[in-house]
Amino acid sequence: MKKLLTGNEAIARGAYEAGITVAAAYPGTPSTEILENIAPYEEIYAEWAPNEKVALEVAGGASIAGARALAAMKHVGVNVAADPLMTLAYTGVNGGLVLVTADDPGMHSSQNEQDNRYYAKFGKMALLEPSDSQEAKDLVAEAMKISEEFDVVVILRVTTRICHSKTLVEFKDRQEVAMKPYVKQANKYIATPANAKVLHGTLEERLKRLEEYSNNSPLNYIEWNDKKIGVVASGVGFQYAREVFGEGASYLKLGMTNPLPKQKIREFAAQVETIYVVEEGEPYLEEALKVMGIDCIGKDKLPLVGELNPDIVERAFMGTEREVFTTDIKLPNRPPVLCPGCPHRGLYYVLGRQKNAIVTTDIGCYTLGSAPPLNAGDTCICMGASITAGHGMYKAFEHNKTEGKKIFSVIGDSTFFHSGVTGLMDVVYNKGNSIVIIADNRITGMTGHQENPGTGKTLKGEPTVEIDVAKVCKGLGVDKVIEVNPLNLEEMEAAIKEAASTDETMVIVTKWPCALLKDQVKAKGYCRIDEEKCKMCKACLKVGCPAIFNIEGKIQIDETMCNGCGLCAQVCRFDAIEKVGE
Amino acid sequence: MMAKEIKNILMVGVGGQGTILASKVLSNGLVNAGYDVKMSEVHGMAQRGGSVTTQVRYGEKVYSPIIGKGQADIIVAFERMEALRMIQYLKKGGVLVVNDHVIPPMTVLTGAEEYPEGIIEELSSKAKTIVFKAAEVAREIGNPKTQNIVLLGALIKAIGLEDLDWDTAIEAEVKPQFVAINKKALQKGMELAS
């Protein structure tokens, strides 16, 4: 029977079928659901690692021990994991090792749209690109086979539309794979210069043999139709091309894109008149063809920015434009916002009102506090950079004797564990003065509620040690660590006031659970406007809560959206907001 | 019996409105009927109160998981303004199913922009538009949370899929205690689009 699965669900099923027994990841859109769907399989040990580097090292260790292993992460997560990745490429594997990179062209939920196919070329690894969920599942087993046969790391590269599109998948039974024996091999697994020199040499040999495999692999196949146009495509780009050109073109569909099947590409190129390369992101395939001396058209016509779709492909190569409905009505934007009852709102409401402050933020829901009307945020670069970039700004102001502002660095609990700890260590060690605010909402929020080292539960739902954020900070040498409830404005304001006047490193932990956590959603009542008391001063609108509306000349609270956090009631000077239904 | 032609459905709403269940029931029914189906969703940051779309394509053989502009046979909008935002995706002669419900975006709440007037009139001037207040309909039949299935019912009728086995699809996707009410909601939605 066929089932409709997202690419991520299919990869999880693929891990099960391929006999993988160890999987690790750090959550990140669009990759998160891979490990979430692996977790229920008793046959696979699966964990949320504190960050992607750790996840890949865990999977790498499992591979060395002899197990089939998988690590999954979003595209920018591979940057974090790049250090072990580049050397695991040299050492090779024992049990099969696959790294799933989920790229986000179009930046649905990311800070950049880097094309991670280059990592495979850069680091000298095999690269597989599925075009739908069936392939995503099957390529996990293929990755295991290639990894073990050629002693290489395999990168399985998916994109948002593969991860989050559901397509039909046929299941297979699990292939039980025994652990390979672990044999101590210092010359393979100890990457000292002397060993690495040899390993690099053998890696080049392994890749040469792998190119032969790529030429003969059914993952790279030709569909012959009309030969005037020949399309070379991989990933979801193939689907768009197949949709647009139909049987009016021939296709070289590439499922294995490093090493490229050069011989097969030449065979295809020799028989078609014009070659179009349809790929999302960078001209990865196009450049390779051009280096081979094959004339082709790709990014001259297709955009480098954003994700592709059938419209863009059609317009680029056919020049046709479909007639569409338009409207003259100007539509307001609908940007994402902090949820009603979000504990970050109290923090940002107070931070946004600080006159002489710079707020460096980080990756998570709380980045949204930089949007109007809260407007509290100056920078957001990558996981962990709130603390370190804030420290850098402080040192630049201090060293250059420039009149600086007070720096507040905001980072979430999961992000702090991911890569904030070393940053805070730097602040303490190098005598910084920025204020670090750890927005501890007791969960990894933005990606949809994953456990982390501070939640007391593992990915498998087992109880575990709950690592205490405040204790970690104290352990790092911060003397002044205070915990506040960010939805209590008095507490929050007092903490920020204290921080603004201190000369030492200080950490404020704003500790309150995410409003979407089940315990928080239940029966906390909601707020209501007393219309007789309301003076329409609109102070409550400044908290930026999506449950408070100013329509038809009066302030209203949507009781179905409100979760009764009471922040709006605290800013009301006329006592016009009451809490009911508790 | 199955048409070769690919049909395209676009659902649009605001993060948190729960378009997911409706699209699950829909795709379950389509898969059981033997169609090739592809469905695309948006996750992550955009879900936090942003504009979210789900796209479903079905037919004998589907390639692209996403719909091009001017290609949707039907658009189901869980929020009034989002229907107009997506109108460029509607095929000439396509149908709109619109939940007459307003969720002001933050840009409107802060006073930076205004929620536009005359949306239903604008939509109706372009395409066949089926409009109703889904939450009220759902409340009448006993549970306002079934509004998504009311909207799904209208979609099913409007695109001509009413003969598929929706009971089984609902049973597969909905908790046992909510099966009866959701079947009722689907029926009610179909009636509204008749």
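As the structure is a computational prediction, the values presented were derived from the model and not from experiment. Proteins come first, then strands; the chains are lettered A, B, ... in the order of their sequence lines, and each starts at number 1.
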* Asked: Would K2(A) and V31(B) satisfy side chain to side chain contact (heavy atoms under 4.5 Å, CB included), going step by step from the backbone distance to the final call?
  -> CA-CA 9 Å; K2(A) 286 189 172 183; V31(B) 170; 5.8 Å; no
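- Using a 4.5 Å cut-off between heavy atoms, I363(A) does not touch chain B at all.
- By a heavy-atom distance cut of under 4.5 Å, not one residue of residues 312-321 of chain A is near chain B.
- Comparing S125(B), S27(B), S64(B) by how many heavy-atom pairs each has under 4.5 Å with chain A, the most go to S64(B).
- For the atom pair L84(B) CG and F325(A) CZ, the distance stands at 11.5 Å (nearest 0.5 Å).
- Across every non-hydrogen atom of L168(A) and Y35(B), the tightest pair is CD1-O, 3.8 Å.
- From N28(B), atom CG reaches atom CG of L4(A) across 8.5 Å, with rounding to the nearest 0.5 Å.
- For a residue to count as touching a neighbouring chain, one of its non-hydrogen atoms must lie under 4.5 Å from one of that chain's; by this rule K91(B) touches chain A with the backbone only.
- Inter-residue side-chain proximity for P546(A) and P104(B) is flagged as unmet; no heavy-atom pair is nearer than 4.5 Å.
- Annotation for P65(B) and R161(A): closest pair CG-O, 4.3 Å, computed over non-hydrogen atoms.
- Heavy-atom pairs under 4.5 Å with chain B were tallied for I329(A), N550(A), L541(A); the largest tally goes to I329(A).
- Of the listed residues (P373(A), S165(A), P332(A), C545(A)), the greatest number of heavy-atom pairs within a distance under 4.5 Å of chain B belongs to P332(A).
- Of the two parts of L331(A), the backbone and the side chain both hold a non-hydrogen atom closer than 4.5 Å to a non-hydrogen atom of chain B.
- Considering all non-hydrogen atoms of both residues, L109(B) and I548(A) come closest at CD2-O, 3.4 Å.
- More than 12 heavy atoms of other residues, nucleotides or ligands sit less than 6.0 Å from atom NZ of K183(B).
- Contact count versus chain A (heavy atoms, under 4.5 Å) is highest, among I87(B), V56(B), I67(B), for I87(B).
- You'll find the side chain of Y63(B) stays beyond 4.5 Å of the side chain of V244(A), heavy atoms only.
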* Take F549(A) and V108(B) through the test side chain to side chain contact (heavy atoms under 4.5 Å, CB included) and record every step on the way to the result. => CA-CA 9 Å; F549(A) 305 170; V108(B) 169; over 6 Å; no
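- Neither the backbone nor the side chain of K538(A) comes within contact range of chain B; no heavy atoms are under 4.5 Å apart.
- In terms of heavy atoms, V324(A) sits closest to G70(B) at CG1-N, 3.7 Å.
- The main-chain N or O of T326(A) is found under 3.5 Å from a side-chain atom of K126(B) such that the two form a donor-acceptor pair.
- Between E243(A) and R57(B) there is a salt bridge, since at least one side-chain N of the basic residue sits less than 4.0 Å from a carboxylate O of the acidic one.
- Heavy atoms of other residues, nucleotides or ligands lying less than 6.0 angstrom from CD of E121(B) number more than 12.
- Within a 6.0 Å radius of NZ in K3(A), no more than 12 heavy atoms belonging to other residues, nucleotides or ligands are found.
- Ranked by heavy-atom pairs shorter than 4.5 Å toward chain B, the options T160(A), T32(A), D132(A), D311(A) are led by D311(A).
- Only the side chain of E82(B) comes within contact range of chain A, with heavy atoms under 4.5 Å apart.
- With rounding to the nearest 0.5 Å, the separation of CD in E122(B) from CG in D328(A) is 7.0 Å.
- Nearest heavy-atom pair, I103(B) versus R334(A), reported as atom, atom and distance to 0.1 Å: O-NH1, 2.7 Å.
- The two residues M106(B) and V337(A) have their closest heavy-atom pair at CB-CG1, 3.5 Å.
- Other residues, nucleotides and ligands place more than 12 heavy atoms under 6.0 Å from the CD atom of Q177(B).
- Put simply, of Q55(B), E114(B), R85(B), K24(B), the one with the most heavy-atom pairs under 4.5 Å next to chain A is R85(B).
- Between P105(B) and N333(A) the shortest side-chain heavy-atom distance does not fall below 4.5 Å.
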